[in-house]
Structure formats: C-alpha cells, structure tokens
Amino acid sequence: MVVSSLLPSFSSKHENPAATLPSSSTPLLYGPRPGELDLERRWPPKRAALVVIFGLLLLALFLTILIADLNSEIHANGNVSLATSGSSTASEPLKLVSRGVSSGVSEKANQVFAGVNVVSFPWNNTLLSWQRTAYHFQPEKNWMNDPNGPMYYKGWYHFFYQYNPNGAVWGDIVWGHAVSKDLIHWLHLPLAMVADEWYDMNGVWTGSATILPDGQVIMLYTGFTNESVQVQNLAYPANLSDPLLLNWVKYSGNPVLRPPPGIDSQDFRDPTTAWYTSDGKWNIAVGSKVNKTGITLIYSTEDFKNFELLDGVLYAFPGAGMLECVDFFPVSNTSIEGLDTSINGPGVKHVIKTSLDENRNDYYALGTYDEKAGKWVPDNTTIGLGLRYDYGMFYASKSFYDLHKGRRVLWGWIQESDSEIADVKKGWASVQSIPRTVLLDTKTGTNLLQWPVEEVDSLRLTSKVFDKVEVKAGSVVPLDVGTATQVDIVAEFELDKEALERTAQSNVEFSCSSSGGAAERGALGPFGLLVVADEGLNEQTPVYFYIAKGTDGNLTTFFCVDQTRSSEATDVNKKIYGSTIPVLKDEKFSVRLLVDHSIIESFAQGGRTCITSRVYPTNAIYGAARIFLFNNATEASVTSSLRIWQMNSAFIRPFRPEQDH
Ligand code: DQQ
C-alpha cells in the first residue's frame with residue numbers, strides 16, 4: 001500500500017488551514033475570550049499549514065496501521081500467515097473461518113466459539129510465552145496434531161507426528177520426527193516424510209508402524225493425493241542399521257490401497273499397526289463410514305504391498321460418522337504386562353479405540369476378538385464403544401507396544417482451546433500428552449487404567465507433604481508450595497463418614513458438564529483442588545469429586561474439571577469436563593495432577609477416569625500461580641493428604657549430528 005494514496009489531495013481550500021476552522025467565535029469556559037479564536041491573527045499562515053499537514057500525516061499513519069492490522073487478521077484466519085510477535089493493544093472481535101472439513105478432516109476446536117459474539121483478549125507476549133509447556137512434547141514452533149507411528153527401535157523411542165512446517169494452523173501436513181531414550185527428553189530430527197509424491201501431495205497423513213519379527217520396519221500411512229483422494233501408502237527406513245531412522249523410502253508401487261467400491265474417496269484413512277493372524281498373514285484396520293455408520297475395514301496382507309479386503313467389518317458404529325485413527329490392541333486379564341499387538345488367547349481382552357470426527361473425542365471399548373471369524377464383540381453391548389479415554393482435550397490417540405519395557409504406551413494429541421488468532425500470535429499450536437501406560441483395570445474389569453509413564457517421575461524436584469489436612473464444608477485452604485506452574489500432585493481425600501450416613505439423598509440429578517460446576521453445592525461435594533489459581537481466586541481451575549446419594553443409599557461419584565473461571569479472557573474454551581467414576585468399597589478418592597503451564601492432566605482412581613484441560617489464565621501465571629484445597633460441600637468435611645513436587649523442565653531440543661549420534 002502506498003501511503004500517499006490514502007492522503008486527500010490538497011485543494012486550495014486545504015491549503016488555507018483557517019478555512020477549516022469556525023469563522024465565528026464560540027464562548028469557551030476557561031478558554032480564550034471572543035475574538036481570540038481568530039487563528040489567522042494568532043498563527044502565521046505557514047505555521048498553520050504545517051500543523052494541518054502534520055495532522056493529515058498522522059491520520060494517514062493511523063489508517064495505514066489499521067489496514068495492516070486488518071490484513072494480518074485476515075491472514076491469520078486464512079491459514080497462511082506465520083506468527084507475528086508483539087501484542088495486540090486493543091480487544092478485537094473474533095472472526096471465525098471454517099477450515100478443514102472440505103479437506104477431509106475436521107476443523108480445530110474453534111467451533112466452541114461459533115455463533116458466540118466473543119471479543120478477543122489482548123494477548124501479549126508475556127501471557128502467550130507462559131502458555132508454552134515445559135515437560136510435554138512440542139515441536140519448536142508451528143502446528144502439530146496426531147501422534148503417528150510410535151515405536152521403540154534400537155535403543156530409541158521414535159515419535160512421529162502430523163506437522164505443518166509453515167504455520168501455527170492445520171495445513172501442509174507432513175511427518176515431524178523426534179527421538180528419546182526415555183519418552184520425556186526429546187531430540188527433534190529432520191522431517192521424516194514430506195508431501196513430494198502425487199499420492200501424498202495434499203498431505204502426509206496419519207499412520208502406524210509395525211515391526212516385523214525379522215526386524216523390518218513397516219510404516220503405513222494415509223496420503224491425500226493430488227486429486228484429494230485418501231489412499232494408503234507404504235514407507236520403510238532407508239537404512240535399518242541407523243537407530244535414528246533418519247531417512248525414509250516411499251515404496252515405488254504406492255498407493256498400496258485405494259478406497260474400495262462404495263467408500264467415499266475422502267472417508268478412507270489412518271491404517272493401524274498390523275497384527276499377525278493364524279493363517280500366517282498380517283491384518284490391518286482402516287477407518288471409514290457408510291452413511292452415518294462408522295466402520296473399520298479389515299485388510300489382509302503377506303508383504304504389505306498387496307492387500308485383500310476381508311468380508312464384513314471389525315466393528316460398525318451406527319450414528320458415529322467417520323472413524324479416525326482406529327487403534328486395536330490386546331490387554332491382559334491377568335497380568336500388568338503390556339501385550340504385543342498380535343497376542344490373543346485366554347486371559348486376553350481386545351480394545352478398539354476410535355476417534356470420532358463428529359465430536360473430536362476418543363472412544364473405546366473392551367471386547368473379545370475372534371480372529372478366525374474376523375469379529376470383535378464388545379463386553380458391554382449396550383454401550384458399545386461408549387467409554388472415553390479422556391473427558392477433556394485428548395484426540396487421535398495411538399498406542400504402541402514398548403518392547404523395551406514390556407508395556408503398552410498411549411499418546412494423545414492435546415489441542416489448543418483458545419482462538420486460532422492467539423495460536424498464530426504465539427507461533428505454535430498443540431502439545432502431546434505425557435505418554436501413558438495402558439492396562440486393564442482388573443479390579444473393575446470394565447475399563448482401562450491410564451497412568452503417566454514412570455519416567456516422568458524423574459522430573460520431580462523438591463516436594464512438600466501435607467498430612468491429613470481438614471477441609472471443612474464451605475472452605476478453601478491454601479497450600480504453601482510457592483509457584484505452581486510445573487507441578488506433580490498426588491492427593492487422597494476421605495469424606496466425613498458421619499455426614500455421609502446422615503445425608504438421606506443428595507444431587508441425584510448431578511452431571512459434571514450440565515450442572516453448575518464447582519459452584520454447585522451439594523451435601524457431599526464438590527471437593528478437590530484449585531490449580532493454576534491466583535491469590536484472590538479470580539482465576540482458578542477446580543479439579544474435583546462430587547458425590548450423589550440416592551434414596552437407596554447408593555453413591556455415585558463424579559470426577560470433573562471446571563474451566564469456567566480458568567481465565568479472565570473470553571476467547572478461550574471454558575467448558576466443564578467430566579464423568580462418573582467407579583470408586584470401589586474401601587477405596588479413598590485419589591487423584592494425580594500433572595500441571596505444566598497451560599495443560600492440566602488429571603488421573604482419578606489410578607487412571608480410571610482422565611481429564612485433560614488447556615487453560616489460558618491472564619493473572620494466575622508465573623510466580624502468581626497457586627494451589628488450594630477446597631470443599632464446597634454443605635454437609636461433609638473432607639480430610640486430604642497430599643504430596644506436591646515441583647517439576648523440572650524436560651530437555652527437548654534439536655538433534656546435533658556431531659554430539660548426539
Ligand atoms: N488427522 C489426520 C488424518 C486423521 C486426522 C490429518 C485426525 O489422517 O484422520 O492431519 O485428527
């Protein structure tokens with residue numbers, strides 16, 4: 001934009017500044033006397049002209065800045081601009097641009113603001129820098145989504161992920177790659193695969209690794225072709241003796257799978273890890289849908305180049321829509337060991353997990369897999385795939401069998417829940433969950449247990465223990481641990497038994513998401529912790545239990561996270577998350593919280609129910625972040641014992657070939 005084109009041309013009228021001023025005098029209180037407004041007499045013409053020109057230049061400057069600002073906002077929304085540092089100085093209305101669905105994937109969580117007249121908060125660098133996590137996996141900059149092809153290979157954990165190297169919003173997707181010795185400290189490697197073939201020109205999408213018994217590594221992934229068709233491709237390491245697997249070869253015969261007849265070209269994606277079958281072949285599942293029914297297609301192969309579509313489907317999920325990132329794996333009924341993907345037989349249950357494109361949540365169920373019949377039957381046919389891995393932000397998850405430690409490890413993509421405008425300003429979007437070990441909950445037999453991998457404990461620094469703190473009904477107790485932005489909290493709660501018994505009935509209608517959150521008082525709850533809270537509790541995120549008691553004496557426990565007061569900003573998601581949770585006889589209420597700046601991962605009852613929140617406070621940050629115990633019950637007091645560790649930062653940095661190889 002040429003600045004001068006915004007200036008009005010100078011007419012003879014404008015050349016005489018006096019002509020723009022009132023000709024008659026106006027009486028002014030405390031102002032000059034009548035007659036003194038005759039500027040021609042007070043200001044010589046040259047000086048007056050200079051004043052007007054200066055004024056016009058100022059106006060031009062203002063208009064230029066305004067237009068530049070609008071442009072950058074349009075770019076931010078239009079998915080093309082990189083982050084701009086610096087802060088906005090004024091609140092601006094949040095503009096929403098729908099992206100992604102037309103490309104075969106859903107748009108980012110911005111939909112929570114759809115239809116709401118939200119004013120964007122003037123986020124500045126101080127606030128945005130605080131949001132970056134310290135011990136969760138993140139690339140150095142830009143957008144990340146699904147975990148891809150995790151595996152353990154020759155002494156290294158490999159983690160690949162959906163990555164946009166060009167910006168902080170979804171698009172231009174390729175495979176990022178990082179390696180770690182312990183799943184906590186990471187080295188960023190060069191991109192593993194880029195969009196350089198016709199069959200993945202529009203995106204190198206999600207995929208999974210299979211390590212064959214002879215040591216070969218098979219990577220199957222979805223390519224979004226130059227004609228926007230979803231196909232499955234094969235890639236393999238160029239050099240199997242390189243533990244870092246730096247170079248990848250795309251098979252010359254790709255694609256190995258195209259959408260079969262009856263399947264829409266944009267509803268065919270995300271191949272699973274393969275499992276070995278009794279006929280000496282390998283099976284994989286690929287997510288799809290027919291009308292509104294989500295389906296998992298099963299293919300059989302001997303060489304990962306030629307595939308046969310098997311009859312029927314592994315599972316059909318009526319009404320679910322497109323099934324993304326299907327995961328299918330065994331868990332043991334009898335031991336705490338994780339199982340390799342091909343294991344089946346007595347004492348084994350099979351988990352199907354699918355990510356529902358319709359609502360961006362991960363659902364799973366336990367069941368039995370009859371490999372010969374190619375059928376999987378859920379244990380609980382009434383709820384089908386009705387369980388959630390996580391009731392907060394956790395999507396497109398993928399597990400792998402960690403042959404180093406004999407465990408199954410789960411990764412999940414934690415999206416942002418602020419606005420895309422803020423993501424573009426901060427220059428990055430999304431983190432990965434702390435990897436979780438996954439086991440069958442043998443006490444209930446009806447759900448999985450997810451727990452942060454033990455390696456995260458190595459980040460624990462100093463700790464403080466609080467023993468049997470009484471938190472009376474209707475009170476808040478500060479916990480003196482200093483700054484609380486990077487902490488690991490392990491807490492137990494016991495409810496006053498007398499109050500429990502004398503309460504006849506309480507809150508049978510309660511639900512985490514539709515009741516009044518932590519402010520809704522009942523006889524027996526809510527009670528728990530306030531984290532990422534400021535001293536005055538203007539900003540706080542309650543993580544809590546809530547107990548409902550029926551007239552029959554039966555108790556139902558809820559585990560929830562209330563984000564409604566997590567931030568004074570309005571352009572962030574402030575949902576209340578949660579669900580019921582089984583609490584067995586003689587069990588205390590227990591919770592573990594990993595707080596890492598803008599992320600809170602909460603695991604209740606040993607990981608029976610998990611809730612991941614993203615919070616974007618404006619005051620409760622840096623040295624101002626505090627932790628409190630709270631009990632908002634009207635009847636019961638609770639006693640809590642806790643230990644809180646300060647957490648070190650993980651070492652996550654680029655790989656340096658000379659030093660690190
Ligand atoms: N993300 C990938 C797709 C997958 C979706 C594209 C799930 O392969 O279905 O980035 O988030």
Side-chain angles (χ1 to χ4, degrees), residues 79 99-111 139 142-150 159-177 191-195 199-209 219-225 228-233 235 255 257 259 263-273 284-289 294-297 317 320-327 353-363 389-390 393-399 410-417 429-433 612:
N79 187 19
R99 287 183 307 97
V101 172
S102 58
S103 315
V105 291
S106 291
E107 58 205 308
K108 184 185 167 288
N110 257 344
Q111 59 213 7
N142 295 331
W143 167 271
M144 167 176 69
N145 56 295
D146 316 355
N148 290 161
F159 184 69
F160 304 87
Y161 53 92
Q162 295 279 281
Y163 182 57
N164 179 358
N166 303 319
V169 295
W170 187 87
D172 299 343
I173 295 293
V174 298
W175 274 38
H177 184 192
L191 298 177
M193 290 195 277
V194 297
Y199 51 77
D200 58 16
M201 197 63 88
N202 276 319
V204 188
W205 284 7
T206 281
S208 307
M219 198 66 89
L220 291 172
Y221 71 94
T222 297
F224 199 35
T225 72
S228 299
V229 175
Q230 292 170 9
V231 297
Q232 315 315 321
N233 300 315
L257 281 172
I263 294 297
D264 190 277
S265 60
Q266 297 201 352
D267 293 333
F268 183 59
R269 56 185 182 268
D270 309 336
T272 61
T273 294
I284 60 160
V286 179
S288 186
K289 72 167 173 148
I295 55 170
T296 44
L297 302 167
F317 196 167
M322 178 64 196
L323 305 186
E324 296 188 317
C325 305
V326 172
D327 202 7
K353 183 280 309 191
T354 176
S355 306
L356 254 54
D357 196 20
E358 298 280 323
N359 64 15
R360 310 251 97 189
N361 293 315
D362 278 13
Y363 291 83
Y389 269 175
D390 192 297
M393 280 283 181
F394 190 90
Y395 191 64
S397 62
K398 188 172 296 294
S399 73
L410 177 73
W411 285 94
W413 164 38
I414 316 294
Q415 305 171 59
E416 299 299 316
S417 58
S430 306
V431 296
Q432 297 292 334
S433 66
T612 299

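Ligands are counted one by one from 1 in listed order, and the atoms in each one are counted from 1 as well.
A donor atom on one side chain and an acceptor atom on the other are found under 3.5 Å apart for N148 and Q162. No donor-acceptor contact under 3.5 angstrom links the side chains of S288 and D267, judged on distance only.
Annotation for ligand 1: atoms under 4.0 Å from non-hydrogen atoms of E324 are 4 (C), 5 (C), 7 (C), 9 (O), 11 (O). Close approach to Q162 involves these atoms of ligand 1, each under 4.0 Å from a residue heavy atom: 2 (C), 6 (C), 10 (O). Below 4.0 Å from some heavy atom of D270 lie the following atoms of ligand 1, by number and element: 3 (C), 4 (C), 8 (O), 9 (O).
Distances between N or O atoms of W413 and those of ligand 1 include no value under 3.5 Å. The shortest N/O to N/O separation between T222 and ligand 1 does not fall below 3.5 Å.
Here the side chain of D390 pairs a donor or acceptor atom with the backbone of T612 at under 3.5 angstrom. A donor-acceptor pair under 3.5 Å links the side-chain atoms of N142 to the main chain of P165, judged by distance alone.
Distances shorter than 4.0 angstrom do not occur between any heavy atom of F224 and any atom of ligand 1. Within the 4.0 Å heavy-atom shell around ligand 1 one finds D146.
Closest approach of C325 to D270, counting heavy atoms only: N-OD2, 2.9 Å.
In N145, the part holding a heavy atom less than 4.0 Å from any atom of ligand 1 is the side chain.
Test L220, I284, T222 against Q232 for side chain to side chain contact (heavy atoms under 4.5 Å, CB included) and you get one pass: T222.
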